[in-house]
Amino acid sequence: MKTIPSIETQQRMHEFFMKTSAPRIYKKRLEEEQRLNEELESQQNANKEK
């Protein structure tokens, strides 16, 4: 009977796969996350100024 790898191991395997086998998708996802983080930071800064 095979054992299922832990969630952390699955995430690392997925990250490695995305970097090596699907670099365009990986890059697109990273850019999307950065854009969302920038939007959140700008909203938080706007709220602080009020």
Side-chain angles (χ1 to χ4, degrees):
M1 185 172 143
K2 292 185 178 182
T3 58
I4 298 173
S6 69
I7 298 294
E8 292 82 14
T9 303
Q10 290 181 36
Q11 289 172 339
R12 283 198 306 266
M13 289 166 59
H14 177 72
E15 197 73 21
F16 178 77
F17 167 79
M18 291 297 285
K19 285 181 183 176
T20 56
S21 301
R24 283 190 318 217
I25 298 170
Y26 179 72
K27 185 178 177 186
K28 195 171 164 183
R29 196 176 75 189
L30 279 180
E31 290 171 354
E32 183 77 13
E33 287 176 3
Q34 287 175 343
R35 189 177 59 76
L36 288 174
N37 285 339
E38 289 171 0
E39 287 178 7
L40 283 175
E41 287 176 6
S42 65
Q43 287 177 357
Q44 288 175 347
N45 290 338
N47 289 339
K48 287 180 183 176
E49 291 173 359
K50 288 183 178 179

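Everything quoted here is computed from the prediction, not taken from an experiment.
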By side chain to side chain donor-acceptor pair (under 3.5 Å) - contacts of Glu38 (at least two apart)
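Residues passing side chain to side chain donor-acceptor pair (under 3.5 Å) with Glu38: none at all.
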Using a side-chain heavy atom cutoff under 4.5 Å and only I, L, V, M, F, W and Y, what cluster partners does Leu30 have?
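For the cluster that includes Leu30, the remaining residues are Phe17, Met18, Ile25, Tyr26.
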Residues sharing Leu36's hydrophobic cluster, by side-chain heavy-atom contacts under 4.5 Å among ILVMFWY, directly or via others?
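None; Leu36 is a cluster of one.
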Salt bridge (charged side-chain N to carboxylate O under 4.0 Å, His left out) involving Glu32 - partner list, sequence neighbours excluded:
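With sequence neighbours excluded, Glu32 shows a salt bridge (charged side-chain N to carboxylate O under 4.0 Å, His left out) to Arg35, given in chain and number order.
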For Thr9 and Ser6, which heavy atoms make the closest approach, and how far apart are they?
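Shortest heavy-atom contact: OG1-OG, 2.9 Å.
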Can you list every salt bridge (Lys or Arg N to Asp or Glu O under 4.0 Å) pair that touches residues 8-25, not counting sequence neighbours?
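Those involving residues 8-25 are Glu15-Arg29.
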Who pairs with Ile4 by side-chain contact (heavy atoms from CB on, under 4.5 Å), at least two apart in sequence or on another chain?
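Here the qualifying residues are Gln10.
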